[in-house]
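Naming convention: chains lettered A, B, ... in sequence-line order (proteins, then strands); numbering from 1 in each chain.
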Protein chains: 2
Amino acid sequence: MSDQILTRMRNWITNCGLTDGARLPPERTLCAELGVNRTELRKALLVLEAEGHVTRHVGRGTFLSKAPKSNKGGRIDDTIVALAESTSPFEAMNARLVVEPQIARLAAMHATPKHLQELRRLTAQMRDASTWARYEELDGAFHEMIADAAGNTLLQAVHKIINRVRLVVVWRKIDTTAPGPTAGYHSFAEHDAIVDALERRKGGDAAAAMQAHLDSTLAAMTAPHHDSDV
Amino acid sequence: MSDQILTRMRNWITNCGLTDGARLPPERTLCAELGVNRTELRKALLVLEAEGHVTRHVGRGTFLSKAPKSNKGGRIDDTIVALAESTSPFEAMNARLVVEPQIARLAAMHATPKHLQELRRLTAQMRDASTWARYEELDGAFHEMIADAAGNTLLQAVHKIINRVRLVVVWRKIDTTAPGPTAGYHSFAEHDAIVDALERRKGGDAAAAMQAHLDSTLAAMTAPHHDSDV
DNA sequence: CAAGATAGAATGGTCAACCAATTTTGTCTC
DNA sequence: GAGACAAAATTGGTTGACCATTCTATCTTG
């Protein structure tokens, strides 16, 4: 059913005669026009948004995208699994060490206050993580947020590829039921140092802090009989 | 940020260890596990369903798709063209500047005599190139050889992706019929400097030489009415 | 005991009221 | 008339209760 309305919306968009960047009618108007309720329409709009065909802003409206096709991580899955088959955990960590400090350096120049605020929020949440699995997720979000802040689409995609390969390769070693990190966990302070450098707009410091963070993470992986870090 | 949770769901799915066709935990359970409310989670699931990664049935549950509604043929090429659509030439060159100097540093440690010999051969051939197209081809081989010498599968793949994206983005600017580079072309000496550093096993020098090479290439791109370099 | 019926739990889906951000409009002051 | 400020209308987003379907355990009955 929802598939049907999605198709209708696609057709409507191609036939409505609106050019790129134009604003669509409000949701409630479109509902009446297409004869569906708002929930159904919003489901279709959500998919169109995920595909990059439209963008939406509270209070402003829904707009046709100018660059309709951005990939947003859709079909790189095949790439990931193929790469994961021939990559070792050590290689994955080394790739991180190559890319992430430089990304942090760029982020120091391009991060918006919104980015910094989100990073602070994530560091706080990580301190409250009750399981390792939960912590891993937040940590992943933290690093992805920095990649986003760097403001380079290609580098962001590269970062995402490296990290997802790493997750596939390294995941099995993690006990998802284990209790979360303790209060003095080394990554907490390291994350703080990274965000501090970003806030002060010190690219060199941010790169160094990121490198130190990844180094100690790698050391934790190498260390004997000790829970893995990330 | 719904995009965030979508990525987390993708990661979760690839890491949860479930096989194709398996049933996911109920929505309400996943909500608690991922720490998001049900509406957010359902938005992510809706997108995943539209992409064909999961199917959902009332009363039964949510299941991983067996054959994600594929356009199977594409593979890595799809990734390239998708990335190319949202990447500018400037971004592509910046991504190179981030990755390639570090790759050169690693290559200084890992390059085999065979690698070095091949690199020398390529630099010689580039000096003899009679057309720009031929030169581009050899230059590409040169940089790929260094990535190979670095000895990290994942980094090599990343390097390939970046360079292929760059080629797609920058392609049009090259006149394939133009005569090749002149004898004093700046890249010749820069290539030599890189190989010299690799042979002396000086990682820092290799990284610096590579960075200098890419910087001057970028400068050539920016310079007025002058043939592009690569 | 086996087959069918049934009540309850579990699960994904829906809806209407409400929320927050933004724009528009009206009004007052100078 | 211009500008500033506030109130109202507009618009996409969110929430919690409720609905429809399916599964499961239990009871009934021959």
When the ring planes of A:H191 and A:H213 are compared, do they come out parallel, tilted or perpendicular, using 30° and 60° as the limits?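 A:H191 vs A:H213 ring planes: perpendicular.
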First encountered from the 5' end of DNA chain C, between A:G59 and A:R28: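 Looking at the nearest nucleotide for each, A:R28 comes out on the 5' side.
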Rounding to an integer number of Å, can you tell me how far [X] [atom1] sits from [N] [atom2]?
X: B:E49; N: C:dG12; atom1: CD; atom2: P; value: 11 Å
X: A:E40; N: C:dT14; atom1: CD; atom2: C1'; value: 9 Å
X: B:R23; N: D:dT22; atom1: CZ; atom2: P; value: 14 Å
X: B:R38; N: C:dG13; atom1: CZ; atom2: P; value: 8 Å
X: A:F63; N: C:dT22; atom1: CZ; atom2: C1'; value: 10 Å
X: A:L46; N: C:dT14; atom1: CG; atom2: P; value: 14 Å
X: A:E27; N: D:dA9; atom1: CD; atom2: P; value: 20 Å
X: B:R42; N: C:dT11; atom1: CZ; atom2: C1'; value: 10 Å

N/O (side chain, [X]) to phosphate O (OP1/OP2, [N]) under 4.0 Å:
X: B:T62; N: C:dT11; answer: no
X: B:R56; N: C:dG13; answer: yes
X: A:K43; N: C:dT14; answer: yes
X: B:R60; N: C:dG12; answer: no
X: B:T39; N: D:dG13; answer: no

Closer than 4.0 angstrom, basic N to acidic O: yes or no for A:E27 and A:R56?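 Between A:R56 and A:E27 there is a salt bridge, with a charged N closer than 4.0 Å to a carboxylate O.
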Is the shortest side-chain N to carboxylate O distance from B:K43 to A:E49 below 4.0 Å?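 No.
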Between C:dC18, D:dC23, D:dT15, which nucleotide has the shortest distance from any of its atoms to the side chain of B:N37?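 The answer is D:dT15, which lies nearest to the side chain.
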Nearest to the side chain of A:P26 - C:dT11, C:dT22, D:dT11?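 Ranking C:dT11, C:dT22, D:dT11 by closest atom to the A:P26 side chain puts D:dT11 first.
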Stepwise side-chain contact (heavy atoms from CB on, under 4.5 Å) test for A:L198 and A:M109: CA-CA 8 Å; A:L198 294 180; A:M109 289 189 287; over 6 Å; no
B:R23 vs B:R60 side-chain heavy atoms within contact, under 4.5 Å: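 Side-chain contact under 4.5 Å: no.
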